[in-house]
Amino acid sequence: MKACIFDLDGVLVDTAKYHFIAWRRLANELGVDFNEHDNEQLKGLSRDASLDVILKKGGVSATLEQRTEWMFNKNEWYLELVHQMNSDEVLPNTKELLADLKANGCKIALGSASKNAVLILERVDIYKYFDAIIDGTKTSKSKPDPEVFLLGAESLGCKPEECIVFEDAISGVQAAKTGGFYAIGIGSEDVLTQADIVFPSLEGLSFEKLNQIKF
Ligand code: B16
Ligand code: MG
């Protein structure tokens, strides 16, 4: 194991709750009901693909201009919440694991669909741990396409088989496996069935423990 590539939302931070508030506000303005279950379907999807899901649910059609305006509004509401984030909002053991990996010479990259990834990493004070950041501003294909992780490995100068990908979304695990990576699912074994191994969270993980895993 030479490198670790981390998804952001659902692995390092829980921004899904803020996406939910902002998408629900937009959906309700459009007369579409939007609940926590609907929000689950959006995890790991790009902003554009998330809007598609909501419009399809409500049977709402839209022009390109309307789509652009609605995504802009949703993002503004989301950013209001992101700007209030602080370092307490990293998920348990995140900082400890990143510091431990770094101290042991393991390269670290981010592989996220979010176009707000850098801001979020800075808000929660973990930006400094990353050797490469691949986010929604650098990719043209959404997960389950492996592009985001392949770019991450390339930026670190590593081959996919030398990297572990940490993902909480089904589409993200699929992206990692299609790209030839070892995939650690973060969440439930019943959901992340394609992952090589699943942990409920990053808690309990360390460089030593990861090195004991048989690739
Ligand atoms: P933004 P990840 C994803 O982050 C979220 O899980 C997903 O819900 C969101 O729509 C997507 O980022 C795009 O986010 O609107 O900030 O560009 O899990 O890939 O880190
Ligand atoms: Mg995620």
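Counting starts at 1 for both ligands and their atoms, in listed order. Values below: every heavy atom of this structure, side chains too, minus hydrogens, waters and symmetry copies.
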- May I ask you to identify the nearest protein heavy atom to atom 5 (C) of ligand 1, giving residue, atom name and distance to one decimal place in Å? D9 OD2, 3.4 Å
- Query: Would you say S114 and ligand 1 have an N/O pair spaced under 3.5 Å apart?
  - Reply: yes
- Message: Is there a polar contact, in the sense of an N or O pair closer than 3.5 Å, between D168 and ligand 1?
- Response: no
- Query: So, N104 versus D100: side-chain donor-acceptor pair below 3.5 Å or not?
  - Reply: yes
- Message: Please give me the minimum heavy-atom distance between D7 and D9, naming the atom from each residue.
- Response: OD2-O, 2.9 Å
- Task: Check ligand 1 against L45 and write out every atom of the ligand that is under 4.0 Å from a heavy-atom position of the residue.
- Result: 7 (C), 9 (C), 10 (O), 11 (C), 13 (C)
- Task: Would you mind running through ligand 1 and noting each atom that sits below 4.0 Å from a heavy atom of L8?
- Result: 20 (O)
- Do D7 and ligand 1 have an N or O pair less than 3.5 Å apart? yes
- Numbered atoms of ligand 1 (with element) below 4.0 Å of S50, judged on heavy atoms: 10 (O)
- Pairs involving residues 122-135, ordered by first then second residue, that meet salt bridge (Lys or Arg N to Asp or Glu O under 4.0 Å) (sequence neighbours left out): K102-D131, D125-K128
- Message: Only heavy atoms of K143, strictly under 4.0 Å: list the atoms of ligand 1 that pass.
- Response: 19 (O)
- Message: Tell me every residue that passes ring-ring contact (aromatic ring centres under 6.0 Å, His included) with F199, counting only those two or more places apart in sequence or in another chain.
- Response: none
- Task: Pull out every atom of ligand 1 sitting under 4.0 Å from any heavy atom of G44, numbered as shown with elements.
- Result: 5 (C), 6 (O), 7 (C), 8 (O)
- Message: Quick check for you: to the nearest 0.5 Å, what is the distance between L26 atom CG and E29 atom CD?
- Response: 6.5 Å
- Item | Closest protein heavy atom to atom 15 (O) of ligand 1, given as residue, atom name and distance to 0.1 Å | R47 NE, 2.8 Å
- Message: If hydrophobic clusters are built from ILVMFWY residues whose side chains come within less than 4.5 Å, do V118 and F149 share one?
- Response: no
- Message: Between K43 and H19, do the side chains contain a donor N or O and an acceptor N or O under 3.5 Å apart?
- Response: no
- Task: Measure the distance from atom 17 (O) of ligand 1 to every protein heavy atom, then report the residue, atom name and distance (to 0.1 Å) of the closest one.
- Result: K115 N, 2.7 Å
- Note on the structure: All heavy atoms of A195 vs all of G185, minimum pair found to be CB-N, 3.7 Å
- Does the side chain of Y18 pick up a donor-acceptor pair with the side chain of E89 at under 3.5 Å? yes
- Message: Please verify the inter-ring angle class for F130 with F6; under 30° counts as parallel, over 60° as perpendicular, anything in between as tilted.
- Response: perpendicular
- Please name all residues satisfying ring-ring contact (aromatic ring centres under 6.0 Å, His included) with F181, sequence neighbours left out, ordered by chain then number. none
- Note on the structure: Residue, atom and distance of the protein heavy atom nearest atom 3 (C) of ligand 1 read A113 CB, 4.0 Å
- Check the Mg ion (ligand 2) and write out every protein N, O or S atom at under 2.8 Å, as residue and atom. D7 OD2, D9 O, D168 OD1
- Message: Between K2 and E162, does any side-chain N to carboxylate O distance fall below 4.0 Å?
- Response: yes
- Short list, please: which atoms of ligand 1 are under 4.0 Å from a heavy atom of S112? 2 (P), 4 (O), 19 (O), 20 (O)
- Distance to 0.1 Å, residue and atom name: give those for the protein heavy atom nearest to atom 8 (O) of ligand 1. L42 O, 3.3 Å
- Note on the structure: Between the CG atom in N93 and the CG atom in L12, the distance rounded to the nearest 0.5 Å is 11.0 Å
- Check each atom of ligand 1 against the heavy atoms of N116 and keep those under 4.0 Å away; list them by number with element. 1 (P), 16 (O)
